[in-house]
Asker: 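Structure incoming, see below.
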Amino acid sequence: LTVIILIAVSVKGEAQNFSVGVQTGGGSISGVIPSQGSFYIGLSGEISSFIAEDFSLRGNIFLSQKFEKLLPEDRRGRYYPYIRGISLQLVLRQNINELIFFEEALGPLLIQNRVYDDSKDSNAGIVFTFGAGLNVSNRFAVVASGDIAETFGQNSVRYIMFHLQGRIFI
């Protein structure tokens with residue numbers, strides 16, 4: 001994410017927009033474990049018009065952990081599986097009109113897999129994102145989107161997440 005911000009600052013004349021987004025939502029983590037409901041939080045940075053008018057480059061960092069972590073209960077001896085990761089995606093944005101847009105994104109993914117308390121696996125994979133958004137103003141958009149991700153390796157993990165994102169254009 002820091003690299004994306006530095007690139008955006010250095011190519012300010014090239015990029016039309018730089019945005020920062022915050023996502024929250026929920027979904028499912030599965031793979032080497034049975035499917036588990038989980039919450040999702042993420043932060044993203046995006047450089048618009050980096051390649052062509054309808055394309056942009058988005059970096060994302062996220063954490064997804066079992067929902068039960070949010071419930072009030074006795075936590076002694078409990079472990080709540082989680083994954084955290086980073087991705088870099090090429091985003092295609094399709095403006096329907098001045099207010100509504102669709103976007104699809106695809107790119108590589110790196111996940112730290114902590115689904116078991118004694119494991120610290122890292123897995124590379126691919127993530128596909130789809131969403132629909134509303135331009136609230138020239139500087140703010142709200143996006144409802146979903147991620148489908150698959151990692152590769154001995155202890156591969158996959159996840160499906162749905163989230164809301166607030167995006168501020170700088």
Side-chain angles (χ1 to χ4, degrees), residues 1-30 35-71 80 82-112 125-151 157-170:
L1 189 60
T2 304
V3 171
I4 291 174
I5 292 170
L6 290 174
I7 290 171
V9 170
S10 66
V11 297
K12 190 171 182 178
E14 299 283 328
Q16 289 182 353
N17 293 315
F18 177 73
S19 66
V20 176
V22 176
Q23 305 101 15
T24 186
S28 172
I29 302 172
S30 62
S35 182
Q36 298 191 23
S38 61
F39 66 90
Y40 175 98
I41 55 174
L43 178 65
S44 64
E46 185 172 334
I47 301 170
S48 299
S49 300
F50 191 75
I51 296 171
E53 186 176 331
D54 294 334
F55 288 92
S56 59
L57 191 62
R58 179 185 301 153
N60 190 34
I61 58 173
F62 67 90
L63 167 73
S64 183
Q65 191 164 17
K66 191 172 180 180
F67 270 124
E68 281 80 3
K69 173 77 173 184
L70 301 175
L71 300 176
Y80 302 97
Y82 69 91
I83 59 173
R84 58 184 167 199
I86 59 173
S87 67
L88 185 64
Q89 297 176 297
L90 183 62
V91 181
L92 171 62
R93 182 175 170 146
Q94 302 160 344
N95 293 312
I96 304 304
N97 57 37
E98 289 183 13
L99 294 176
I100 300 170
F101 62 90
F102 294 118
E103 60 184 27
E104 300 83 28
L106 182 68
L109 167 74
L110 185 61
I111 287 181
Q112 184 184 34
I126 191 164
V127 61
F128 172 68
T129 303
F130 55 92
L134 180 66
N135 289 316
V136 178
S137 72
N138 288 340
R139 301 194 44 98
F140 185 72
V142 176
V143 183
S145 57
D147 292 347
I148 300 171
E150 178 75 36
T151 62
V157 175
R158 67 187 58 91
Y159 68 84
I160 298 174
M161 297 292 159
F162 297 98
H163 40 79
L164 281 176
Q165 178 183 85
R167 195 177 299 158
I168 297 172
F169 296 94
I170 299 173

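Because only heavy atoms are used, hydrogens play no part in the values below, and waters and symmetry mates are left out as well, while side chains stay in.
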Asker: If you compare all heavy atoms of Y159 against all heavy atoms of I29, which two are closest, and at what distance to 0.1 Å?
Answerer: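 Smallest heavy-atom distance, with atoms named: CB-CA, 4.3 Å.
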Asker: How would you list, by chain and number, every residue that makes a ring-ring contact (aromatic ring centres under 6.0 Å, His included) with F101, sequence neighbours excluded?
Answerer: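 With neighbours one apart ignored, the set is empty.
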Asker: How many angstroms lie between atom CZ of R58 and atom CD of Q89, to the nearest 0.5 angstrom?
Answerer: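 If we round to the nearest 0.5 Å, R58:CZ and Q89:CD are 6.0 Å apart.
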Asker: Per the side chain to side chain donor-acceptor pair (under 3.5 Å) rule, which among S64, S38, S35 passes with S28?
Answerer: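 For S28, the side chain to side chain donor-acceptor pair (under 3.5 Å) test succeeds with only one of S64, S38, S35, which is S35.
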Asker: Taking S87 for its side chain and P108 for its backbone only, find out whether a donor-acceptor pair lies under 3.5 Å.
Answerer: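 Pair absent, no side-chain N/O of S87 close to backbone of P108.
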Asker: Check the angle between the aromatic planes of F130 and F162 and answer parallel, tilted or perpendicular using the 30° and 60° thresholds.
Answerer: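 Ring orientation, 0 to 90° scale: perpendicular.
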Asker: Looking at every non-hydrogen atom in both residues, tell me the closest pair between F140 and F169 and how far apart they are.
Answerer: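 F140 and F169 have their closest heavy atoms at N-CD1, 4.0 Å.
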Asker: Can you tell me how far the CE atom of M161 sits from the CG atom of D147, to the nearest 0.5 Å?
Answerer: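 The CE atom of M161 sits 8.5 Å away from the CG atom of D147.
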Asker: Which pairs, with at least one residue in residues 133-142 and sequence neighbours excluded, count as a side-chain hydrogen bond (donor to acceptor under 3.5 Å, both in side chains)?
Answerer: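 Those involving residues 133-142 are R93-N135.
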Asker: Taking side chain as C-beta onward, heavy atoms only, is V22 less than 4.5 Å from L43?
Answerer: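 A side-chain contact under 4.5 Å exists here.
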Asker: Going by the rule salt bridge (charged side-chain N to carboxylate O under 4.0 Å, His left out), which residues pair with E150 if we only count those two or more places apart in sequence or in a different chain?
Answerer: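 Here the qualifying residues are R158.
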Asker: Among V143, N60, L164, find the one that has a side-chain contact (heavy atoms from CB on, under 4.5 Å) with Q23.
Answerer: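 Considering V143, N60, L164, a side-chain contact (heavy atoms from CB on, under 4.5 Å) with Q23 is found only for N60.
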Asker: Can you spot which of H163, E104, E103, Q165 makes a side chain to side chain donor-acceptor pair (under 3.5 Å) with S145?
Answerer: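 Among H163, E104, E103, Q165, the one that satisfies the side chain to side chain donor-acceptor pair (under 3.5 Å) with S145 is H163.
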Asker: Do I111 and F62 come close enough that some side-chain heavy atom pair is under 4.5 Å?
Answerer: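 Yes - at least one pair of side-chain heavy atoms lies under 4.5 Å apart.
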Asker: Which atom pair, heavy atoms only, marks the closest approach of V91 to A105?
Answerer: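 Heavy atoms of V91 and A105 come nearest at CG2-CB, 3.7 Å.
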